[in-house]
There are 2 protein chains.
Amino acid sequence: MSRSATRKRIEEKADALFYEAGFEATSFADIAGAVGISRGNFYHHFKSKDDILDAVIDRRLAATQTLLESWETDAAPKDRIRSFIRILITNRTKIMAFGCPVGTLTTELAKLDHIAESRAAEIFGLFRDWLADQFSALGHKDDADALALHVLARSQGIAVMVSALKDEAFLRAEVSALEAWLDRLPVQTSTKD
Amino acid sequence: MSRSATRKRIEEKADALFYEAGFEATSFADIAGAVGISRGNFYHHFKSKDDILDAVIDRRLAATQTLLESWETDAAPKDRIRSFIRILITNRTKIMAFGCPVGTLTTELAKLDHIAESRAAEIFGLFRDWLADQFSALGHKDDADALALHVLARSQGIAVMVSALKDEAFLRAEVSALEAWLDRLPVQTSTKD
DNA sequence: TCAAGATTAGGACGAGCGTCCTAATCTGTC
DNA sequence: GACAGATTAGGACGCTCGTCCTAATCTTGA
């Protein structure tokens, strides 16, 4: 198999395992077993475990970019923000089992005092900036960033609690509450210009 | 040193290390080094690593009970809930570095598929029930539990985001927003009886 | 004082970890 | 068809893990 194809398959499986079992708890043997290659073959593609983590974070950054761009088709900013909130519903099964992939990875890397922590947190940065753009478009130029962080925090809180409670009704109730908050948010048309 | 005193010291250090480095990443050698005893001596006090985890969870359950009881001195239910919210301010340094001890432990144990996950989640249960009692006292009998979970989720979200952002200003802003939400919550005096 | 039990230190154990090396196999080019 | 380089499998490495064992030391009560 070609170098790039194998690399990609390793990244896919590593991504899933880091999410479902955690970075520390996932061994080379686990990834190799999932991919179906030998342990030794690994170092032809990645020179260390941290190297795989970097690739996984790159992957997630790219996937996030693609996701955000796909929502640009929603004309109204509020609908775009709603698309973000709705991830919780779309991915509810995985979130109930393993939490949010972004939040849980940054949390784990923070405890491990891992150099890649800040890069993992950049995924939050993408969501943050994109959400802030939407709130700006709603006329909330001054507090766009604060509103973006508020939505992120609310979403993270729901993810943490639903993975602890394993309660889908709670998830749906809190998502509805967050959407209601968004609906109540006044749309300010620019007074100047 | 007496058996109980050494046990207690082990529990204290294990508790701190599980919080700051994670359960999986903390080894017996780490705990032994922190306590100042030999590795081998461990098994006179705890028969396995899971056994220490159980003791740490017991410790946290008891500490949570004590904390909740200490807030019973606040006469008004809203002040009691405010005491809960203010943990985020009080423990801000540790939360910024390591997240919430309850949320991060349950998240890690969920990924590890560890038997103790449900016991760790019981700590959330204590906060949940206590908060629900306070909302009931405010006259929100029907949605007391939902309101309790809402406050828990908001707090968890703040903890996750602040540990990713390392931004105390964000923490304070979100705590203020949550307190403002609490202030706006109508106090309903019972209509029957 | 001395026996009995509690507590301790230190190391052995098998297994698994991340890493690295070597040799075999595959793939594509002249 | 043969050679060169890419790709692979498999195992060795040094280390650390959780666990367990044994022997030494301390504490306590008769």
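This one's a predicted model, so the numbers in the text were calculated from it and none came from an experiment. Chain naming here is simple, since letters A, B, ... match the order of the sequence lines and numbering starts at 1 in each. All values below come from the heavy atoms of this structure, side chains included, with hydrogens, waters and symmetry mates left out.
Dashed line: the shortest gap from a side-chain N or O of A/Ser38 to OP1 or OP2 of D/dG11 is not under 4.0 Å. Close to C/dT7, at under 4.0 Å from its OP1 or OP2, lies no side-chain N or O of B/Thr6. Phosphate proximity of C/dA9 to B/His44: absent, as no side-chain N or O sits under 4.0 Å from OP1 or OP2.
Between A/Ile37 atom CD1 and C/dC26 atom C1' the separation is 16 Å, expressed in whole Å. For the pair A/Leu112 CG and C/dC17 P, the computed distance is 16 Å after rounding to whole Å. Separating the NE2 atom of B/His114 from the P atom of D/dG18 is a distance of 12 Å, rounded to the nearest angstrom. Whole-Å rounding puts the B/Ile31 CD1 to D/dC17 P distance at 11 Å. Atom P of nucleotide D/dT19 and atom NE2 of B/His45 are separated by 16 Å, given to the nearest angstrom.
Ring pair A/Trp181/A/His150 is tilted by interplanar angle, where 30° to 60° counts as tilted.
In this model, no donor atom of one side chain and acceptor atom of the other lie less than 3.5 Å apart for B/Ser38 and B/Asn41. With no hydrogens or angles considered, no side-chain donor-acceptor pair links A/Asp133 and A/Ser136 at under 3.5 Å. Defined by atom type and a distance below 3.5 Å, a donor-acceptor pair is present between the side-chain atoms of B/Trp130 and B/Glu72.
The six-membered or imidazole ring of A/Phe18 lies away from that of A/Phe98, with a centre-to-centre distance of 6.0 Å or more.
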Which pairs, protein N/O on one side and nucleotides 18-20 of chain C N/O on the other, fall under 3.5 Å?
| from | atom 1 | to | atom 2 | distance (Å) |
| --- | --- | --- | --- | --- |
| C/dG18 | OP1 | A/Lys49 | NZ | 3.3 |
| C/dG18 | OP2 | A/Phe28 | N | 2.8 |
| C/dT19 | OP2 | A/Tyr43 | OH | 2.8 |
| C/dT19 | OP2 | A/Lys49 | N | 2.9 |
| C/dT19 | O5' | A/Tyr43 | OH | 3.1 |

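Figure legend: B/Lys49 and B/Phe23 shown as a cation-pi pair, the cationic atom lying under 6.0 angstrom from the six-membered ring centre and within 45 degrees of its axis.
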